[in-house]
Every structure is written in structure tokens, then in C-alpha cells.
Amino acid sequence: MSFSEASKLCLAFGDCNTEGFRTLEGPVWAKRVADALGLEFKNCGHTMSTTRELLQYAAVFPPSEYALVFIQYGLVDSWLTFRGAPYVLYYPDNPRRKLARKLVKKLKKWARSLQLQKRLGAVEQVPLEEYIENLRAVLKSAPGSQFVLVATAPNRDTPRNPRILRYNSALSNLADEEHNAIYVDAWDELWSNLDACLMDDGTHLTSRGHRVVAGCVQNALRLKNVR
């Protein structure tokens, strides 16, 4: 598959590791791949976002208008919170939502002090079934676009990793089910070079981490004969 002059557009949806942390030196992984392919690039990465924000972004930036679409969510989706916890979208944003998020953060801090996860039960921020259905809806909205589903990176906060791996596994299965999607996983290389690939906060990719992810994506596209 090669991109025609009329369709040399590339779009990225994702969380903080698609947007890029403020201290990152150099381009994010998605920009690196787009530049290597000579594609015009639009980055819809947004810190703290989930596949719920993905649906909002996809309504404003329809994937069907882009030849190549990267999707990278799971870090926040798989985060544990107490059952019934409120959620306020990060996109589209407005002053009321900013205020509501501050109140929700205070509520969750209070909930942790009362150990509400134990009392009410713990649940992922976006349950796995909803996570996959959100992604599937976007894939089916653009059957002519090539999607790349990128696995969430490991975290230094190791108790988070089993849930991240479960979401990555479901993401891989989704790619197998949909004709216009491929799955890319840089976990092993990132994990074996954790100190060099993750910032000290344990979550955000360093410049090397972005290069690793970009390399894995480029290799997968090469095998798919996308250029």
C-alpha cells in the first residue's frame, strides 16, 4: 500500500505519550513515523485522556479523511478507581469542566483516605469492554484508512502493569479482528531499557523511548508494505 499525493495525511490519537511530555527533547514517536513516510501530520494526543476522549476527537477530526491513523490509549483507561466514581472529559475542554475536574480530584483524594475502593469495589477508569467498543467504533468509521494500534508502554509503578498488559492483549485481539488495523507492541524493548526509555516519573517516554516506539511502528508498517 502506498499513499497517493491526495491522501498523504497522518493522524494520531492518544494520551500523554502521544502528545509528548513538556520536557521531552525531540519529536514524539508518531511525528517521527509520519516524517519518515513523508506524511502531513496532525497530533490529537492529550494528556490524561482515554478512549472516551477518542470518540470526541474522532467526531471533530474524522479518521476517514486520513490515510494513516495512529491510536494509543490504555494508560488512563486501565487506571483503577472506586466503583461509581465520576469522570469529566478532558476534551473538548471548557472552564466548567476544568472546575469539575478539580472537584473530582478532591473527591477521589477523599475517597482514597476512606479506602472507598475496598468498600465500594475497584474498577478501571474505562472498563475493558467499553475500551474495546470505543476503539472498534472508530475503526469501523473509516474502513478505508490504515490504523495502527499502539500498545501502552510499561510503567515503573509495577502494580499497574498487569492491567496495562490486559488492555494491550485486548488491543492485539481487536487488530486481529479488524481488516484495517495492525497492532504494534514495543513493551519488551522498553522494559529491557527502562531507565533510558522512561522518565523519572515512571510514566512518560524519554526521547529514546519515543525512538523505540517509532522504530517498532515503522517495522510493522514495512511488513504490512505501507510506505
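Small disclaimer: the values here were computed from a predicted structure and weren't measured.
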For the pair R97 (side chain) and P92 (backbone), establish whether a donor and an acceptor sit closer than 3.5 Å, ignoring hydrogens and angles. yes
Check whether any side-chain heavy atom of E124 lies under 4.5 Å from a side-chain heavy atom of D77, and answer yes or no. no
T206 side chain near L198 side chain, heavy-atom distance below 4.5 Å: no
Ignoring hydrogens and geometry beyond distance, is a side-chain donor-acceptor pair present between D15 and S49 at under 3.5 Å? no
Taking every non-hydrogen atom, the tightest pair across V217 and F70: CG1-CE2, 3.8 Å
side-chain contact (heavy atoms from CB on, under 4.5 Å) between N219 and V184: does it pass, once the steps are laid out? CA-CA 9 Å; N219 288 338; V184 176; over 6 Å; no
Is any side-chain heavy atom of S169 closer than 4.5 Å to one of L165? no
Test item: L221 and V148 side chains (from C-beta on) under 4.5 Å apart, heavy atoms: yes
Tell me, do N193 and V212 make a side-chain contact under 4.5 Å, heavy atoms counted? no
Residues in ring-ring contact (aromatic ring centres under 6.0 Å, His included) contact with F41, at least two apart in sequence or another chain: none
Measure the spacing between CG of L89 and NE2 of H46 and express it to the nearest 0.5 Å. 10.0 Å
How many angstroms lie between OH in Y183 and CG in L149, if you round to the nearest 0.5 Å? 9.0 Å
Determine, using the 4.5 Å side-chain heavy-atom cutoff (strictly less than), whether L194 and L75 are members of one ILVMFWY cluster. yes
Only counting residues at least two apart or in another chain, list the ones meeting ring-ring contact (aromatic ring centres under 6.0 Å, His included) with F61. none
Just checking M199: does its CE atom have more than 12 heavy atoms from other residues, nucleotides or ligands closer to it than 6.0 angstrom? yes
Between S145 and N180, which heavy-atom pair has the shortest distance, and what is it? O-CB, 3.3 Å
Quick one: name the residues clustered hydrophobically with V88, using the 4.5 Å side-chain heavy-atom rule over I, L, V, M, F, W, Y, and just say none if it's on its own. V104
Does E133 come within less than 4.0 Å of K140, counting only side-chain N to carboxylate O? no
Within the side chain of E53, is there an N or O that forms a donor-acceptor pair under 3.5 Å with the backbone of Y90? yes
Please determine whether residues W79 and W187 belong to a single hydrophobic cluster, defined as Ile, Leu, Val, Met, Phe, Trp and Tyr linked transitively by side-chain heavy-atom distances below 4.5 Å. no
For the side chain of Y73 and the backbone of T51, is there at least one donor-acceptor N/O pair under 3.5 Å apart? no
Quick one: pull up SG in C44 and CG in L54 and give me the separation to the nearest 0.5 Å. 9.5 Å
Distance-minimising heavy-atom pair for V138 and A58: CG2-CB, 4.1 Å
Could you list the donor-acceptor pairs under 3.5 angstrom formed by side chains in residues 21-30, with sequence neighbours left out?
residue, atom, partner, partner atom, Å
W29, NE1, N17, O, 2.9

Under the salt bridge (charged side-chain N to carboxylate O under 4.0 Å, His left out) test, residues paired with D35 that sit two or more places apart: K31
In this structure, would V126 and L80 fall into the same cluster of hydrophobic residues linked by side-chain contacts under 4.5 Å? no
Closest non-hydrogen contact found for T18 with A12 is CG2-CB, 3.9 Å
Start with the C-alpha gap between L9 and L39, add the side-chain angles, then the distance that decides, and say whether side-chain contact (heavy atoms from CB on, under 4.5 Å) holds. CA-CA 5 Å; L9 300 175; L39 301 179; over 6 Å; no
Inter- and intrachain pairs under ring-ring contact (aromatic ring centres under 6.0 Å, His included), touching residues 117-154, at least two apart: Y131-Y167
What's the verdict on salt bridge (Lys or Arg N to Asp or Glu O under 4.0 Å) for R156 and D195, showing C-alpha distance, side-chain angles and the deciding distance? CA-CA 9 Å; R156 289 184 192 266; D195 289 339; 3.1 Å; yes
About how many Å separate CD of Q125 and CD of E130, when rounded to the nearest 0.5 Å? 9.5 Å
Under 4.5 Å between side-chain heavy atoms, counting indirect links through other Ile/Leu/Val/Met/Phe/Trp/Tyr residues: same cluster for F13 and V60 or not? yes
Does the side chain of N134 come under 3.5 Å of the side chain of R52 through a donor N or O and an acceptor N or O? no
Are any non-hydrogen side-chain atoms of P63 and S141 less than 4.5 angstrom apart? yes
Atom CD of E177 with >12 non-hydrogen neighbours under 6.0 angstrom: yes
Distance-minimising heavy-atom pair for G45 and Y57: O-OH, 4.4 Å
Side chains of C216 and E189 in contact at under 4.5 Å (non-hydrogen atoms): yes
Looking only at heavy atoms, what is the nearest atom pair of L190 and L205, with distance? CD2-CD2, 4.1 Å
Would you indicate whether the side-chain heavy atoms of L135 and I71 approach each other to under 4.5 Å? yes
Near D200 CG, under 6.0 Å, is it more than 12 heavy atoms from other residues, nucleotides or ligands? no
Expected output: side-chain D188 to main-chain W191 donor-acceptor under 3.5 Å: no
Approximate separation, where rounding is to 0.5 Å, of E19 CD and N43 CG: 7.5 Å
In Å, rounded to the nearest 0.5 Å, how long is the span from CG of D176 to NE2 of H179? 14.0 Å
